[in-house]
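First up is the structure itself, then whatever we jot down about it.
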Number of protein chains: 2
Amino acid sequence: MEDLIKILQSRNIHPSHQRIKILEILEKNEDHMNVNMIYEELLKEIPTISKTTVYNTLSTFAEKGLVHCLTITPEEMRYDYRANPHHHLLCTRCGRIIDVDVQCRYADTMEIDGHCIEEIQGYFKGICRECLSHDKAQKQK
Amino acid sequence: MEDLIKILQSRNIHPSHQRIKILEILEKNEDHMNVNMIYEELLKEIPTISKTTVYNTLSTFAEKGLVHCLTITPEEMRYDYRANPHHHLLCTRCGRIIDVDVQCRYADTMEIDGHCIEEIQGYFKGICRECLSHDKAQKQK
DNA sequence: TATTAGTTTATAATAATTATAACTATGGAA
DNA sequence: TTCCATAGTTATAATTATTATAAACTAATA
Ligand SMILES: [Mn+2]
Ligand SMILES: [Mn+2]
Ligand SMILES: [Zn+2]
Ligand SMILES: [Zn+2]
């Protein structure tokens, strides 16, 4: 709680009740929530929360570099709180977006083909570990 | 023209007038159009074309593996006709999506961290060659 | 107290995409 | 030729994520 406030302050974001809760949810959640998932979680603690606040807060967080926006799913934006750059797996079975710790060979390159590279976004499509082991368990029956 | 028909037929897609024209546009265009860009181009030749047809056709093409869907821009889907897998640069200046021919070290890996990898999607964010040289020209004034 | 800036909320507007149903072209059977 | 089935196209409406707008609230400050 105190930690979260400090994190917000360090980015010059006024630590309102709503903002603290949203950051708390982002921190807890592993698989890259969309606005609606965050909103549903918030409702449990702040029943008067508005979806606009979630949108506003997330775009503030993104501006201040506190979260990264992932355009992996075509339907809606996903939000990523983890600090270090990394890649993702989009599971075509369960729909989750999962962190994958692989290094990109080009992660330290700032120039390719004359283009200036500022950010690397990579993701894999496939079937996640959990879904695979679920498949196996099914087959053994 | 004959080529385009053959391409469609080889994928079991009936080569209607509309479909041929859409494929033709995709082939000509380098920077990964969205539905509206394709629609606007089509209007010049088929003034009665419907946007629904563009959507239907592109989703057929995608199903049959003729195009790839890019979720790089958050606003809308972009379509990629090139056959070989490759990466992209999203220029934050001009908004274009440009092919970048870099190899991915993991392109032949089918398994990472126990997850099954079926497809690799990667893109870079930055400023493209053309925008950079435009900047330089400005400065010299 | 009155004022102000910053934050949250309710509500409406926008825009990409999908769903639905009517219309059209085509090719074969009768 | 006429009828019919099918696939493809079109117009239109519905859905849904996101953004815009303005009102209400909060906390700090003169
Ligand atoms: Mn992540
Ligand atoms: Mn491409
Ligand atoms: Zn899964
Ligand atoms: Zn550019």
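These values consider heavy atoms only, across backbone and side chains, with no hydrogens, waters or symmetry-generated copies. Chain letters run A, B, ... following the sequence lines, proteins first and then strands; every chain starts at 1.
Annotation: side chain of B:K64 is not in contact with side chain of B:L8 (no heavy-atom distance under 4.5 Å).
Put simply, the side chain of A:T71 never gets that close to the backbone of B:P74: no donor and acceptor are under 3.5 Å apart. Between the side chain of A:S10 and the backbone N or O of A:I7 there is at least one donor-acceptor pair closer than 3.5 Å.
Under a 4.5 Å side-chain heavy-atom cut-off, the cluster of Ile, Leu, Val, Met, Phe, Trp and Tyr residues that includes B:L132 is completed by B:I127.
The existence of a salt bridge linking A:E41 and A:K28 is excluded, since no basic side-chain nitrogen approaches an acidic carboxylate oxygen closer than 4.0 Å.
Not counting sequence neighbours, the partners of A:H88 by the side chain to side chain contact (heavy atoms under 4.5 Å, CB included) test are A:H32, A:L70, A:I72, A:D80, A:H86, A:I97, A:D99, A:Y123.
B:C91 and B:C128 get closest at one heavy-atom pair: SG-N, 3.3 Å. Of all heavy-atom pairs between B:Y39 and B:S50, the closest is CE1-C, 4.1 Å. Scanning both residues, A:R78 and A:D31, for their nearest heavy atoms gives NH1-O, 3.8 Å. What you find for A:Y81 and A:L66 is that their closest heavy atoms are CD1-O, 3.5 Å.
Taking a heavy-atom distance under 4.0 Å as the criterion, the stretch of DNA chain D touched by chain A extends 5' to 3' from D:dA17 to D:dA20.
Near DNA chain C, defined here as any heavy-atom distance below 4.0 Å, the residues from residues 51-64 of chain B are B:T52, B:Y55, listed numerically. For DNA chain D, the residues of residues 15-41 of chain B within the heavy-atom distance limit of 4.0 Å (strictly under) are B:S16, B:Q18, B:R19, sorted by number.
The overall bend of the helix from C:dT1-D:dA30 to C:dA30-D:dT1, read as the angle between its terminal helix axes built from five base pairs each, is 20° when rounded to 10 degrees.
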Take B:T53 and B:L42, measure what side-chain contact (heavy atoms from CB on, under 4.5 Å) needs, and give me the verdict at the end. CA-CA 11 Å; B:T53 301; B:L42 282 167; over 6 Å; no
Decide side-chain contact (heavy atoms from CB on, under 4.5 Å) for A:F61 and A:L23; before the verdict, give the C-alpha distance in whole Å, the side-chain angles of both, and the deciding distance to 0.1 Å. CA-CA 9 Å; A:F61 284 7; A:L23 186 55; 4.2 Å; yes
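Going from atom CD of B:E76 over to atom P of C:dT14 covers 18 Å, rounded to whole Å.
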